[in-house]
There are 2 protein chains.
Amino acid sequence: MPVTVLLVDDEPLVRAGLRAVLEAQPDIEVVGEAADGASVIPLVRRLRPDVVAMDVRMPLLDGIEATRALLRTVDEPPRILVVTTFENDEYVYEALRAGADGFLLKRARPAEIVHAVRLIAEGESLLFPASVRQLAAEYGDDGGNRAARAAMERAQLTEREGEVLRLMARGLSNAEIAARLVVGTETVKSHVSAVLAKLGARDRTQAVIAAYESGFVAPG
Amino acid sequence: MPVTVLLVDDEPLVRAGLRAVLEAQPDIEVVGEAADGASVIPLVRRLRPDVVAMDVRMPLLDGIEATRALLRTVDEPPRILVVTTFENDEYVYEALRAGADGFLLKRARPAEIVHAVRLIAEGESLLFPASVRQLAAEYGDDGGNRAARAAMERAQLTEREGEVLRLMARGLSNAEIAARLVVGTETVKSHVSAVLAKLGARDRTQAVIAAYESGFVAPG
DNA sequence: GATCGTCTCCCCCGTGCGGGGGAGGCTCGT
DNA sequence: ACGAGCCTCCCCCGCACGGGGGAGACGATC
């Protein structure tokens with residue numbers, strides 16, 4: 001059975017584009033569309049899609065609130081893929097925090113969009129804004145430093161959060177990080193939580209993966 | 001204050017070599033030597049070293065038993081760095097399982113030995129047999145495939161364990177891995193535990209780091 | 001002076017994780 | 001036929017982890 005998708009975006013053009021891209025796949029079926037966040041809940045109840053591809057910025061009810069509403073009011077809620085125009089959209093982090101499962105740039109290539117929908121449908125998380133990896137590619141992966149710095153800015157990690165992520169990527173526990181930074185473990189937990197939210201990671205392992213994949217830390 | 005080290009090895013030559021290498025560092029001090037595992041406990045009680053560099057294969061009491069004994073009978077036990085001649089020494093995994101904090105090949109370069117002692121003293125774990133990284137370097141890092149395969153053999157991961165590690169390195173939880181492999185979560189836990197033990201990793205995060213560092217999985 | 005962001009620390013709470021055991025079935029090699 | 005290794009699943013258990021809140025202190029910015 002195919003993956004069923006509900007498209008939610010205020011721009012018809014975007015909906016049409018997504019539909020075209022997704023319907024080209026034999027295993028993906030677009031079962032409905034909505035133009036604002038408020039229409040989503042009843043549509044989801046009726047259509048029961050596997051995945052909701054949802055814009056963050058919409059009239060009536062934005063993607064964040066719609067995500068919260070879905071997860072709160074619908075049992076067995078669909079997986080939620082947040083779609084956005086802007087690379088550095090803080091609303092996206094809000095949405096991820098609200099329970100969205102993934103992140104997608106509208107300018108992504110069709111193959112990436114399809115890939116994202118499939119991954120989400122499989123129950124996995126897109127753990128890092130695709131933009132970051134793109135960014136690393138754009139910079140030609142010159143060894144990681146420029147790309148890492150840019151990725152940092154993209155994810156808007158503070159200096160302290162960056163330190164913590166680096167230590168996480170060396171395998172340290174919260175307690176060890178606390179000792180190293182000479183602060184309390186509760187403080188470290190705060191920073192770790194902030195890092196996870198900003199990277200869209202579910203746990204420290206995913207955060208470390210993101211650190212490697214983005215070039216924020218380099219292997220070897 | 002310097003890092004104090006106790007050397008435990010049945011070969012005087014090895015002890016002398018370690019002493020020479022370590023004493024060359026201003027911040028490291030060798031405070032004692034022992035030729036067998038049985039002598040270790042009283043020496044540790046008296047000298048209270050920060051780090052014990054211990055051979056695995058020794059007369060009277062081997063490194064594994066000595067490690068267990070130390071951790072069981074001494075309060076505030078020292079950090080334990082396991083030293084071995086053979087790259088693929090299953091005794092080492094036993095020792096790590098018994099509570100040793102790190103792993104070191106006798107043929108390692110002086111700088112690596114010093115680095116290992118410092119890391120251990122800082123309270124961190126050497127999470128992956130240094131041999132694996134060396135190995136990756138030996139193979140010239142040809143993209144990771146040959147090195148990864150060799151690293152696999154080095155760590156003696158079974159096929160299933162390799163699959164599990166790969167999924168861990170994609171950020172999947174135990175439950176997600178179980179779903180993916182169509183087995184129970186308890187089974188996945190078994191495999192994960194095996195992977196952690198074989199890699200000398202403390203948790204899945206360290207295992208994933210090891211996977212990246214060894215080239216077992218490639219970023220990008 | 002007020003506001004914002006960062007860093008620091010605190011509470012409660014559920015649960016996924018990992019260690020410690022064990023055990024049965026399977027294939028393979030001898 | 002037997003053991004070895006692997007895969008599978010089970011038990012109990014403690015704890016680090018991560019989410020959800022909140023709050024005070026400081027500096028920069030407005």
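Both backbone and side-chain heavy atoms feed into the values below; hydrogens, waters and symmetry mates do not. Here is how names work: the chains are called A, B, and so on, in the same order as the sequence lines, proteins then strands, and each is numbered from 1.
In this structure, A/Leu157 places its CG atom 13 Å from C1' of C/dT6, rounding to the nearest Å. One interatomic measurement links the two molecules: CD of B/Glu159 to C1' of D/dG5, which rounds to 14 Å at whole-angstrom precision. Look at CD on A/Gln206: it is 14 Å from P on C/dG16, rounded to the nearest Å. Rounded to an integer number of Å, the gap from CG of A/Leu181 to C1' of C/dC7 is 11 Å. Rounded to an integer number of Å, the gap from B/Asp203 CG to C/dG18 P is 6 Å. Counting to the nearest Å, the C1' atom of D/dC7 and the CD1 atom of B/Ile177 are 15 Å from each other. A straight line from CG of B/Leu196 to C1' of C/dC17 spans 10 Å, rounded to a whole angstrom.
Closest to the side chain of A/Val183, from the set C/dT8, D/dC6, C/dG18, is C/dT8.
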*List the steps, then state whether side-chain contact (heavy atoms from CB on, under 4.5 Å) holds for B/Val114 with B/Ile28.*
CA-CA 9 Å; B/Val114 169; B/Ile28 299 179; 4.1 Å; yes
*Given the rule in the side-chain contact (heavy atoms from CB on, under 4.5 Å) test, do A/Val52 and A/Val5 qualify, once you have shown the distances and angles that lead to the verdict?*
CA-CA 6 Å; A/Val52 174; A/Val5 182; over 6 Å; no
_Using the rule given for side chain to side chain donor-acceptor pair (under 3.5 Å), can you reason through B/Asp50 versus B/Thr4, listing the C-alpha separation, both sets of side-chain angles and the distance that settles it, and then say yes or no?_
CA-CA 5 Å; B/Asp50 300 312; B/Thr4 55; 3.0 Å; yes
*Any chance you could lay out the side-chain contact (heavy atoms from CB on, under 4.5 Å) test for A/Leu181 and A/Leu167, step after step, and finish with the verdict?*
CA-CA 10 Å; A/Leu181 298 181; A/Leu167 294 175; 4.0 Å; yes
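Within the model, atoms CE of B/Met168 and CG of B/Asp203 stand 8.5 Å from one another, a figure rounded to the nearest 0.5 Å. Rounded to the nearest 0.5 Å, atoms CD1 (B/Ile177) and CG (B/Leu172) are 5.5 Å apart.
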Got a list of protein N/O to nucleotides 26-30 of chain C N/O distances below 3.5 Å?
none

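When the side-chain nitrogen and oxygen atoms of A/Asn174 are compared with OP1 and OP2 of D/dA16, none of them lie within a distance under 4.0 Å. Between B/Arg204 and C/dG18 there is a side-chain polar atom (N or O) within less than 4.0 angstrom of OP1 or OP2. A sub-4.0 Å separation between OP1 or OP2 of D/dC17 and a side-chain N or O of A/Arg202 is absent. Residue B/Thr158 places at least one side-chain N or O closer than 4.0 Å to OP1 or OP2 of D/dC7.
Looking at B/Thr67 and B/Met54, their side chains come closer than 4.5 Å, going by heavy atoms from C-beta outward. The shortest side-chain heavy-atom distance between A/Pro78 and A/Val44 falls under the 4.5 Å cut-off.
In the region residues 185-194 of chain B, proximity to DNA chain D at under 4.0 angstrom, judged on heavy atoms, holds for B/Glu186, B/Thr187, B/Ser190, B/His191.
Scanning for salt bridge (Lys or Arg N to Asp or Glu O under 4.0 Å) contacts around B/Glu163 gives B/Arg160, with sequence neighbours left out.
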